[in-house]
Amino acid sequence: MDLALAHVSKNFGGLRAVGDVSFTVKTGSIFGLIGPNGAGKTTVFNLITGVYKNDAGTMHFGGHDLRPLKPAQIARCGIARTFQNIRLFTQQTVIENLLVACELQKRAHLTAAVLRLPVHFEDEDVMHRRAMELLRVFDLDKVANESPTALSYGNQRRLEIARAMMLEPRLLLLDEPAAGMNYGEAEGLKTQIRWLRDTFLLSVVLVEHNMQVVMGVCEDIHVLDHGVTIAHGTPEEVRAHPKVLAAYLGEEEDEGA
C-alpha cells in the first residue's frame, strides 16, 4: 500500500512547522525524509501517525484517509513508528517491552484473561514466541529478561524497532534509528533495514541525520527545510542538489558574503 501526502500543512500558532508538503512512498520502498534540525521531519511523522492533525492537505495509506483516525486506529491500518527520543518502559524487561505492542494481534479479550480460558494462554504463547524471534533478529535474545536500561544506546534503538515490528506493520516509520551508533553499528542497521523490508514485505520511511545510512539504504529521498520541500529524488540527485547543499552547508550565504 502506498503512503500519499498531498499539500499537507501544519501550523502551531503563528509558526509554520510544515507547509504544502507532498510526496508518495511506494509500496515496498525505502524512503528517506531528511533536512536540517527544525526542518519539520518529526512533525510529518506525528501527522502521519495521528499525534497531530494537519491543518490542510490530505494523507492516505492504501484506501485509508488518515486525518480523521486516532493513533490506535492508524496502527490498526498497518503503520508503526519509532521515536526520535527513545521511549522504552524501563520498569519492564526487554521482552516485556515487545509484548506490550501485541494487543492488535491477540484473539483473546479481557474476559478470557480473567477467566483464564485456553485461548488466553494460546495467545500468550504465540506472542512470546514472536517476540523472541524478533529479539533474535536484532541480536537481543540473550538479554530478553534484562532491563532495557542495561542495554547500550544502539541496542535500545534496535529494541524500539523490534517493538514496532510486533505490530506487524505494512509501513515502518523510523525516526533517527542510527542516533548514537558507531560506524559498524550503522552499517549493520542498513543491512537490517533492507532485510526487514524484504522479509516482511513492508515499506520504510527513514528520518535520519546520518548520511552514511540515508545514502546507503534509501532509494528515494525527500528533503525539507523550514517545513517546506526543497528537493526530491534519488540519493545521487539529492546529494548534488544546490538547495540541499545550501541548507546543510550554507553555500548560498558563503557565496553572498
Next item on the list: Could you check whether the rings of His222 and Phe23 sit parallel, tilted or perpendicular, using 30° and 60° as the cut-offs?
Entry: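 If you compare the ring of His222 with that of Phe23, the planes turn out tilted.
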
Minimum-distance pair of heavy atoms, taken over all atoms of [X] and [Y]:
| X | Y | result |
| --- | --- | --- |
| Met132 | Ala144 | SD-CB, 3.9 Å |
| Val18 | Gly40 | CG2-O, 3.9 Å |
| Ala178 | Val213 | CB-CG2, 3.9 Å |
| Arg158 | Met181 | NH1-CE, 4.0 Å |
| Glu168 | Arg130 | CG-NH2, 3.2 Å |
| Ala39 | Leu224 | CB-O, 3.4 Å |

I need the [X] [atom1] to [Y] [atom2] distance, nearest 0.5 Å.
| X | Y | atom1 | atom2 | answer |
| --- | --- | --- | --- | --- |
| Leu98 | Met165 | CG | CE | 10.5 Å |
| Ser147 | Gln91 | OG | CD | 7.5 Å |
| Leu245 | Lys243 | CG | NZ | 12.5 Å |
| Asp220 | Thr24 | CG | OG1 | 9.5 Å |
| Asp139 | Asn155 | CG | CG | 7.5 Å |
| Leu5 | Ile48 | CG | CD1 | 5.0 Å |

Checklist line | From CA spacing to verdict: side-chain contact (heavy atoms from CB on, under 4.5 Å), Phe12, Thr43 | finding: CA-CA 11 Å; Phe12 295 100; Thr43 299; 4.2 Å; yes

Note to self: Applying side chain to side chain donor-acceptor pair (under 3.5 Å), can you list everything that pairs with Thr58, at least two apart in sequence or on another chain?
What the structure shows: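 With sequence neighbours excluded, Thr58 shows a side chain to side chain donor-acceptor pair (under 3.5 Å) to no residue whatsoever.
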
Notebook entry, point to check: Among Ile161, Leu174, Leu206, Val217, whose side-chain contact (heavy atoms from CB on, under 4.5 Å) with Leu189 holds?
Noted result: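 When side-chain contact (heavy atoms from CB on, under 4.5 Å) is applied between Leu189 and each of Ile161, Leu174, Leu206, Val217, only Ile161 qualifies.
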
Note to self: Out of the candidates Leu196, Leu202, Val204, Ile79, only one should pair with Pro169 under the side-chain contact (heavy atoms from CB on, under 4.5 Å) rule; please name it.
What the structure shows: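 Exactly one option meets the side-chain contact (heavy atoms from CB on, under 4.5 Å) with Pro169, and it is Leu202.
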
Note to self: By the definition side chain to side chain donor-acceptor pair (under 3.5 Å), identify the one residue from Thr42, Thr82, Asn46 that meets it with Asp175.
What the structure shows: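 So the option named by the test is Thr42.
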
Please check this pair: side chain of [X] against backbone of [Y], looking for a donor-acceptor N/O pair closer than 3.5 Å.
| X | Y | answer |
| --- | --- | --- |
| Glu146 | Val94 | no |
| Ser9 | Gly19 | no |
| Arg197 | Gly28 | yes |
| Ser203 | Leu171 | no |
| Asn182 | Glu185 | yes |
| Glu160 | Arg157 | no |
| Lys70 | Gly50 | no |

Validation row: [X], [Y] side chains within 4.5 angstrom (heavy atoms):
| X | Y | result |
| --- | --- | --- |
| Asp141 | Ile95 | no |
| His209 | Asn37 | yes |
| Asn54 | Leu66 | no |
| Gln84 | Val207 | no |
| Ile221 | Met215 | yes |
| Val21 | Lys10 | no |
| Thr234 | Arg239 | no |
| Cys77 | Leu69 | yes |

Check: Can you hop from Leu88 to Leu140 via hydrophobic side chains spaced under 4.5 Å?
Finding: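 Leu88 clusters together with Leu140.
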
Note to self: In this structure, would Val51 and Val8 fall into the same cluster of hydrophobic residues linked by side-chain contacts under 4.5 Å?
What the structure shows: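 Yes: a chain of side-chain contacts under 4.5 Å links Val51 to Val8.
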
Next item on the list: Answer yes or no: are there more than 12 heavy-atom neighbours, outside His241 itself, under 6.0 Å from its atom NE2?
Entry: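 More than 12 heavy atoms, drawn from other residues, nucleotides or ligands, come within 6.0 Å of this atom.
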
Next item on the list: Taking atom NZ of Lys26 as the centre, report whether more than 12 heavy atoms of other residues, nucleotides or ligands fall under 6.0 Å from it.
Entry: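 At most 12 heavy atoms, drawn from other residues, nucleotides or ligands, come within 6.0 Å of this atom.
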
Next item on the list: Could you tell me whether Lys41 sits above the aromatic face of Phe45, with NZ or CZ closer than 6.0 angstrom to the six-membered ring centre and within 45 degrees of the axis?
Entry: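 No - Lys41 does not lie over the ring of Phe45 by the 6.0 Å and 45° rule.
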
Margin query: Set out, in order, the CA-CA distance, both residues' side-chain angles and the distance that settles side-chain hydrogen bond (donor to acceptor under 3.5 Å, both in side chains) for His60 and Asp2, then state yes or no.
Written below: CA-CA 8 Å; His60 289 86; Asp2 291 356; over 6 Å; no

Check: Hey, mind stepping through Glu96 and Phe89 against side-chain contact (heavy atoms from CB on, under 4.5 Å) and telling me if it holds?
Finding: CA-CA 9 Å; Glu96 286 171 345; Phe89 299 103; over 6 Å; no

Next item on the list: Walk me through it: do Ile86 and Tyr153 pass the test side-chain contact (heavy atoms from CB on, under 4.5 Å)?
Entry: CA-CA 9 Å; Ile86 293 175; Tyr153 193 82; 3.6 Å; yes

Note to self: Pair Gln212, Glu187 - check side-chain hydrogen bond (donor to acceptor under 3.5 Å, both in side chains), show working.
What the structure shows: CA-CA 8 Å; Gln212 167 200 351; Glu187 285 296 304; 2.6 Å; yes

